[in-house]
Enquirer: 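Dropping the structure in here first, questions after.
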Amino acid sequence: MAMKQEQVKQAGVGTQAIWAGEEEYLVQGSTQVPVVHSVSFGYDDVDVWHEVGLGKRPGHIYGRMTNPTVQVFEEKVRVLEGAEDATSFSTGMAAISSTLFTLLSPGDRVVTIKDTYGGTNKIFLEFLPRFRVDVALCDTHDYDAIEKEISKGCKVLYLESPTNPTLKVVDLARLARAAHRVGAVVVVDNTFATPVNQKPLELGADLVIHSATKFLGGHADALGGILCGRKDLVRQVYHYREINGAALHPMAAYLLLRGMKTLHLRVKQQNESALKIANYLEGHPAVEGVYYPGLTSHPRHRIAKEQMKGYGGVLSFSLKGGVDAVRRFLPRLRYVHLAANLGAVETIAGPPRTTSHVECTEEERRAMGIPEGLIRYSVGIEETEDLIRDLDQALEGLGT
């Protein structure tokens, strides 16, 4: 039975993750979206071809601009986030950089937080200043200071919540209101939360970004990024992307689509496991601190509870003994990939100095409040009890 797209928009997130955007491209009775590898798309009627090129009628003309498989992926995320429009990119960083370089010009001012992902932070520290964009980096939990910087002038407010890798939580609704008072565009990186756990557009954001490589795809086998939100803004960023060329490959789009069909089930399991693991680690004598918004001890737990439906599959913790303890602990883990990724079906762990903030110096990480002995732990979909036993035996080994 064909699932009508208008009905899908009213369905739950699990149903949307499976059905959204697919009906139009299920060709010749197929039940799965095909991978369309064609670079170009032909037209017998030159006038029709021209109208498609101008966007006056649906269709595709060249793969750097649009592609049928890619379009299904964009539509699925658009529906999940409740957005007006969406456009995709070759990577998450392509989505972030394209958005910032589209919206900001020399003389503009962007306000952001210190705790953004390392690559994003490099854009604020290294690249935007070269183009005479004024960057205000604020302490992530100091809302008064952020609002003060916004009031001085702000073209873009860029936020990330929960943050990577210290899992800080930002009051998105409050800061969005402050930004809109001065006419700023609010951009939120929702990679850690996913649309299953958090809907930034409902909290006042104008644009939402995902590194689709992470939880959306979920299988660590495809790079991708996506931006969704206000149509006028998304179209501007799309134009920048189509000219600069960071297009999502159709095979990657297919893999991301396949992964998204289990998104709600994966995230549900990861939410449950991460909370149990965080509670376990918080009570362990070898652990110095645990960073997870689901813990009642988290300094912004109340805000997380208000704006999130679940607290996500990533947590971080620091060990007593610092970097030396990390070096001894990580190789002892059995059910973990020691790698620079997150959001996959397998558990993945590593220190920020080799993962999220490998591009940054130790001094830059320290300025962002990232301890050198921190471990980012992305929970997979393994049995929770097995992961806890694994952590237990690895932590026990620190005393031997």
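Excluded from the calculations below are hydrogen atoms, water molecules and symmetry mates; all remaining heavy atoms, backbone and side chain alike, are included.
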Enquirer: Go through the structure and list residues passing ring pair (Phe, Tyr, Trp, His ring centres under 6.0 Å) with H50, not counting sequence neighbours.
Expert: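 Checked H50 against ring pair (Phe, Tyr, Trp, His ring centres under 6.0 Å); zero matches.
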Enquirer: Return the CG to OG1 distance between N271 and T194, rounded to the nearest 0.5 Å.
Expert: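 One finds 7.5 Å between CG of N271 and OG1 of T194.
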Enquirer: Taking ring pair (Phe, Tyr, Trp, His ring centres under 6.0 Å) as the definition, give me every residue that meets it alongside H219, ordered by chain and number, with sequence neighbours left out.
Expert: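 Not a single residue meets the ring pair (Phe, Tyr, Trp, His ring centres under 6.0 Å) criterion with H219.
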Enquirer: Are the aromatic rings of F317 and Y292 close, with centres under 6.0 Å apart?
Expert: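 Aromatic pair excluded; centres sit 6.0 Å or further apart.
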Enquirer: Taking all atoms of both residues into account, what is the closest heavy-atom pair of V287 and K320, and its distance?
Expert: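 So the minimum-distance heavy-atom pair works out to O-CE, 4.0 Å.
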Enquirer: Please report the closest heavy-atom contact between D144 and R174, naming both atoms and the distance.
Expert: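 Looks like OD1-NH2, 2.9 Å.
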Enquirer: According to salt bridge (Lys or Arg N to Asp or Glu O under 4.0 Å), does anything in residues 277-301 pair up with another residue at least two apart or in another chain? List the pairs.
Expert: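 For residues 277-301: none.
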Enquirer: To the nearest 0.5 Å, tell me how far H60 NE2 sits from T69 OG1.
Expert: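 Reported to 0.5 Å precision, the distance equals 8.5 Å.
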Enquirer: R235 vs D85, test: salt bridge (charged side-chain N to carboxylate O under 4.0 Å, His left out). Steps then yes/no.
Expert: CA-CA 8 Å; R235 288 296 92 191; D85 203 357; 2.8 Å; yes
Enquirer: Sequence neighbours left out, what passes salt bridge (Lys or Arg N to Asp or Glu O under 4.0 Å) with D108? Give chain and number order.
Expert: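 Applying salt bridge (Lys or Arg N to Asp or Glu O under 4.0 Å) to D108 gives K155.
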Enquirer: Going only through I, L, V, M, F, W and Y residues with side-chain contacts under 4.5 Å, is there a path from L391 to L315?
Expert: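 In one cluster with L391: L315, yes.
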Enquirer: Should F192 and E160 count as side-chain neighbours, where that means a heavy-atom distance under 4.5 Å?
Expert: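 No, their side chains stay 4.5 Å or more apart.
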Enquirer: Between T163 and D115, do the side chains contain a donor N or O and an acceptor N or O under 3.5 Å apart?
Expert: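 There is no such pair (donor and acceptor under 3.5 Å, judged by atom type) between the side chains of D115 and T163.
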Enquirer: I'd like to know if the side chain of E242 pairs up with that of H239 as donor and acceptor (distance under 3.5 Å, no hydrogens or angles considered).
Expert: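 On atom types as modelled, these side chains qualify, holding a pair under 3.5 Å.
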Enquirer: Could you see if L159 belongs to whatever hydrophobic cluster contains L125? Use Ile, Leu, Val, Met, Phe, Trp, Tyr and a side-chain cutoff under 4.5 Å.
Expert: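 Different hydrophobic clusters.
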Enquirer: When you look at K76 and E22, which way does the salt bridge (charged side-chain N to carboxylate O under 4.0 Å, His left out) test go after all the steps?
Expert: CA-CA 8 Å; K76 195 178 291 291; E22 301 214 351; 3.2 Å; yes
Enquirer: Could you tell me which residues satisfy side-chain contact (heavy atoms from CB on, under 4.5 Å) with A193, sequence neighbours excluded, listed by chain and number?
Expert: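 Only P162, N190, N197, Q198, M308 meet the side-chain contact (heavy atoms from CB on, under 4.5 Å) criterion with A193.
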Enquirer: Kindly write out the residues that satisfy ring pair (Phe, Tyr, Trp, His ring centres under 6.0 Å) with F124, not counting sequence neighbours, or none if the list is empty.
Expert: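 In terms of ring pair (Phe, Tyr, Trp, His ring centres under 6.0 Å), with neighbours along the sequence ignored, F124 is linked to Y158.
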Enquirer: If only side-chain N and O atoms count, and only distance matters, is there a donor-acceptor pair under 3.5 Å linking T191 with H210?
Expert: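 No donor-acceptor contact under 3.5 Å links the two side chains.
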Enquirer: Compute both the distance and the angle, then confirm whether R332 meets the cation-pi test with F329: under 6.0 Å from the six-membered ring centre, within 45 degrees of the axis.
Expert: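 Negative - R332 is either too far from the ring of F329 or too far off its axis.
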Enquirer: Hey, is OH on Y335 packed in by over 12 heavy atoms from elsewhere, all under 6.0 Å?
Expert: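 No, because the 6.0 Å sphere around OH of Y335 holds 12 heavy atoms or fewer from other groups.
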